[in-house]
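Report on the structure given below.
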There are 2 protein chains.
Amino acid sequence: MLKKKITLKHIARELEVSISTVSKALKNSEEISRETKEKIQAFAKLYNYKPNNIAISLKNKRTKNIGVVIPNIVHHFFTTVIRGVEKYANTKGYNVIVCLSDESFDKEVINVELLANGSIDGFIMSLSSGTQKENDYNHLKEITEQGIPLVLFDRITSEVECDKVIIDDALGAYLATKKLIEQGRKRIGIITTADYLSVSKSRTKGYLKALKEYGVNEDKELILKMPSMDVDGQLIQDFIKNSKVDAILTVNEIFSIYGMQVAQDLGFKIPEDISFIGFTDGLLSKYANPSLTSIAQHGERMGEISAEMLIQKIESEDEEETYQTKILEPTLIERNSTIN
Amino acid sequence: MLKKKITLKHIARELEVSISTVSKALKNSEEISRETKEKIQAFAKLYNYKPNNIAISLKNKRTKNIGVVIPNIVHHFFTTVIRGVEKYANTKGYNVIVCLSDESFDKEVINVELLANGSIDGFIMSLSSGTQKENDYNHLKEITEQGIPLVLFDRITSEVECDKVIIDDALGAYLATKKLIEQGRKRIGIITTADYLSVSKSRTKGYLKALKEYGVNEDKELILKMPSMDVDGQLIQDFIKNSKVDAILTVNEIFSIYGMQVAQDLGFKIPEDISFIGFTDGLLSKYANPSLTSIAQHGERMGEISAEMLIQKIESEDEEETYQTKILEPTLIERNSTIN
DNA sequence: ACAGCTTCCGAAAACGATTTCGTGTTAATA
DNA sequence: TATTAACACGAAATCGTTTTCGGAAGCTGT
């Protein structure tokens with residue numbers, strides 16, 4: 001009943017030729033006579049022969065797999081990146097191995113070390129918050145030292161030399177803040193996370209830059225730093241209640257969505273009393289009520305570019321150690337959470 | 001500069017012993033003398049030796065990879081399943097290779113065939129809509145015939161004999177409909193998709209069963225079948241405008257969220273004039289405004305169970321061909337889109 | 001002093017494929 | 001007829017690991 005996979009050896013034995021002959025015949029080598037080739041090819045097709053990927057990987061020292069290690073999969077942004085990576089990788093014949101670090105340094109290290117032992121030809125990664133907090137990148141330095149190509153996206157670090165893809169986070173925050181100022185907002189707050197997260201830091205910077213440009217002084221009371229990536233409802237509620245903001249920029253969409261709910265519960269009208277802009281532009285932004293003005297991070301594009309850069313490095317012969325950082329432009333998408 | 005990975009051969013040459021000795025020493029074999037083992041182990045640690053996964057896979061004919069093929073990654077449900085699979089698989093030392101079929105029959109076949117050639121020890125899959133439409137499962141039959149374990153979840157078929165994990169879709173729809181009836185709703189509509197999707201069919205069945213139980217006759221005008229998984233705004237708008245429904249059940253959350261927006265734009269109050277219940281209970285349901293009463297599909301649990309069943313099959317010696325279908329109970333989560 | 005045991009280690013096959021090189025046969029050329 | 005070239009194929013190494021088997025020492029006991 002069990003139709004086990006057939007190998008070159010089986011074909012060779014059955015047809016009374018050598019394994020080499022079978023191998024060559026199936027690659028249509030000129031070395032083999034027409035009739036022998038036809039015989040072998042027919043037999044192979046009949047028994048649905050497909051070469052064993054593992055054996056080929058071992059021989060070629062190339063797996064045609066790329067490893068994607070991301071902090072989580074719940075944030076819509078990361079799933080769109082996966083989509084982009086998949087899309088491009090597939091056209092080039094690569095599979096995608098997805099590993100979740102779960103925002104944990106230890107899990108990230110484990111995943112990387114596991115995959116680095118031959119399972120993949122290169123990595124696409126976004127740092128876990130744990131890793132950014134520890135500020136320890138030895139696991140990444142090791143793989144680059146071994147010559148395994150690596151592309152970091154979104155959550156990156158200058159500690160590791162490799163290709164990188166990010167959006168201009170500061171610019172995104174700057175544009176959003178500017179938009180709010182120009183709409184007449186006077187007290188613009190920001191809900192961000194701890195500074196060790198590279199993106200949050202940049203976004204806060206862009207926010208401050210815009211304020212400065214318009215002569216608004218930084219006000220610590222308008223900056224709420226969430227201790228983790230999770231929503232702390234109480235903190236947001238207190239912030240909205242006490243800070244007298246008339247606009248809020250958040251570093252992800254969940255903070256905004258949650259903020260809007262709190263604000264509405266407190267009787268504020270959106271966008272009249274308080275307007276909101278969030279980062280990421282995922283499904284939530286589009287379907288929230290009111291819909292959320294947001295800064296698109298172009299995750300799918302980011303995934304495609306990452307995959308393209310990685311595969312380019314994987315397949316390039318020369319060991320030129322030149323790395324580039326691609327910076328995508330964020331896009332402000334206006335919806336009903338700001339005046340339009 | 002490049003610190004290439006070290007192999008058994010390198011160690012053997014350097015320490016002037018045989019490869020076999022090195023291999024055994026690193027496994028702490030009793031065959032090797034204490035001093036030789038210590039010497040080899042120290043050397044291996046110093047040069048950070050890690051065995052090559054590919055070589056081991058070839059030798060053992062086991063990759064410690066499991067392939068997950070899903071229709072898309074945008075639906076929150078599938079990402080939660082991935083999480084569950086990852087979670088369980090990692091505890092057992094397995095990696096997860098994710099492939100997206102993009103709802104396409106062809107892409108599903110390609111992915112399966114690629115992975116089946118040695119890359120993975122087993123499959124966890126949910127059928128693409130294209131596959132369910134074509135009703136062609138030869139690619140799956142082939143892998144099961146080869147003895148490769150397969151677990152189907154959510155979108156399954158009776159055409160293939162294998163382990164399966166689903167929620168009781170009919171029950172979910174039944175419970176939701178019953179809830180609506182008991183809340184006094186008189187004209188309960190359903191927004192579903194074409195019948196070839198196994199889950200939509202079951203859910204419609206549950207909906208009809210509840211109606212029948214309460215003596216309500218089926219009314220074709222209350223059933224909207226969307227031609228695809230995508231939201232067709234016009235259809236939904238016409239449906240809400242013309243059908244005079246006072247409650248709507250939808251087979252996913254996006255249809256509900258979209259429906260709520262349309263209803264609100266038309267001046268209906270939710271839940272007073274129209275109440276909504278949607279399947280899936282993703283982020284959208286929780287953060288929508290009003291928040292959406294929904295039927296939780298327990299994706300993460302489903303992923304865990306799928307992984308558990310698969311790994312159990314992979315690691316069991318006996319070739320017993322007994323397959324089971326696990327049916328999870330859906331949970332109705334009440335929020336503000338229904339009266340509470 | 002010699003059979004019989006341990007103890008410790010290496011040779012070789014195996015997993016499944018690719019590829020280089022060599023060789024026997026035949027046909028073409030001098 | 002002798003030489004050579006073209007053709008068709010096979011042997012063997014290789015990728016990195018595991019594992020079986022056998023054998024060389026050294027030791028024990030009689």
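Chain identifiers are assigned alphabetically (A, B, ...) following the order of the sequence lines, protein sequences preceding nucleic acid strands; residue numbering begins at 1 within each chain.
Applying the side chain to side chain donor-acceptor pair (under 3.5 Å) test to residues at least two apart or on different chains, the pairs with a partner in residues 150-159 of chain A are A/E103-A/R155. Every pair passing ring pair (Phe, Tyr, Trp, His ring centres under 6.0 Å) that includes a residue from residues 10-43 of chain A is listed here, sequence neighbours excluded: A/F43-A/Y47.
As judged by a 4.0 angstrom heavy-atom cut-off over every strand, A/T7 is placed among residues touching the sugar-phosphate backbone only.
Residues A/E304 and A/R301 are paired through a salt bridge, judged by an N-O separation under 4.0 Å between the basic side chain and the carboxylate.
Bracketed by its first and final contacts, the part of DNA chain C lying under 4.0 Å from non-hydrogen atoms of chain B reaches from C/dC8 to C/dG16 in 5' to 3' order.
Contacts with DNA chain C (heavy atom under 4.0 Å) in residues 45-63 of chain B: B/L58, B/K59, B/K61, listed by number.
Shown here are the ring-ring contact (aromatic ring centres under 6.0 Å, His included) partners of A/F105, two or more places apart in sequence or in another chain: A/H139. Partners of A/K24 according to the salt bridge (charged side-chain N to carboxylate O under 4.0 Å, His left out) rule, which considers only residues two or more places apart in sequence or in another chain, are A/E31. Scanning for side-chain hydrogen bond (donor to acceptor under 3.5 Å, both in side chains) contacts around B/N53 gives A/S119, with sequence neighbours left out. B/N117 pairs by the side-chain hydrogen bond (donor to acceptor under 3.5 Å, both in side chains) definition with A/K5, not counting sequence neighbours. In this view, B/K326 and B/V165, B/I305, B/M309, B/Q324 satisfy the side chain to side chain contact (heavy atoms under 4.5 Å, CB included) rule, not counting sequence neighbours. When the salt bridge (charged side-chain N to carboxylate O under 4.0 Å, His left out) test is applied to A/E142, no partner is found at least two apart in sequence or on another chain. B/R13 is linked by a salt bridge (charged side-chain N to carboxylate O under 4.0 Å, His left out) to nothing, counting only residues two or more places apart in sequence or in another chain.
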Review item, nucleotides 6-10 of chain D N/O atoms under 3.5 Å of protein N/O:
unit_1, atom_1, unit_2, atom_2, d
D/dC9, OP1, A/T36, OG1, 2.6
D/dC9, OP2, A/S33, N, 2.8
D/dC9, OP2, A/S33, OG, 3.0
D/dC9, OP2, A/T36, OG1, 3.1
D/dC9, N4, A/E31, OE2, 2.3
D/dG10, OP1, A/S18, N, 3.4
D/dG10, OP2, A/S18, N, 2.8
D/dG10, OP2, A/S18, OG, 3.0
D/dG10, OP2, A/T21, OG1, 2.2
D/dG10, O6, A/K24, NZ, 2.5

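Summarising the geometry, the separation between CG on B/N28 and C1' on D/dT18 is reported as 16 Å, rounded to the nearest angstrom. For the pair B/K27 NZ and D/dT20 P, the interatomic distance rounds to 11 Å; values are reported in whole Å.
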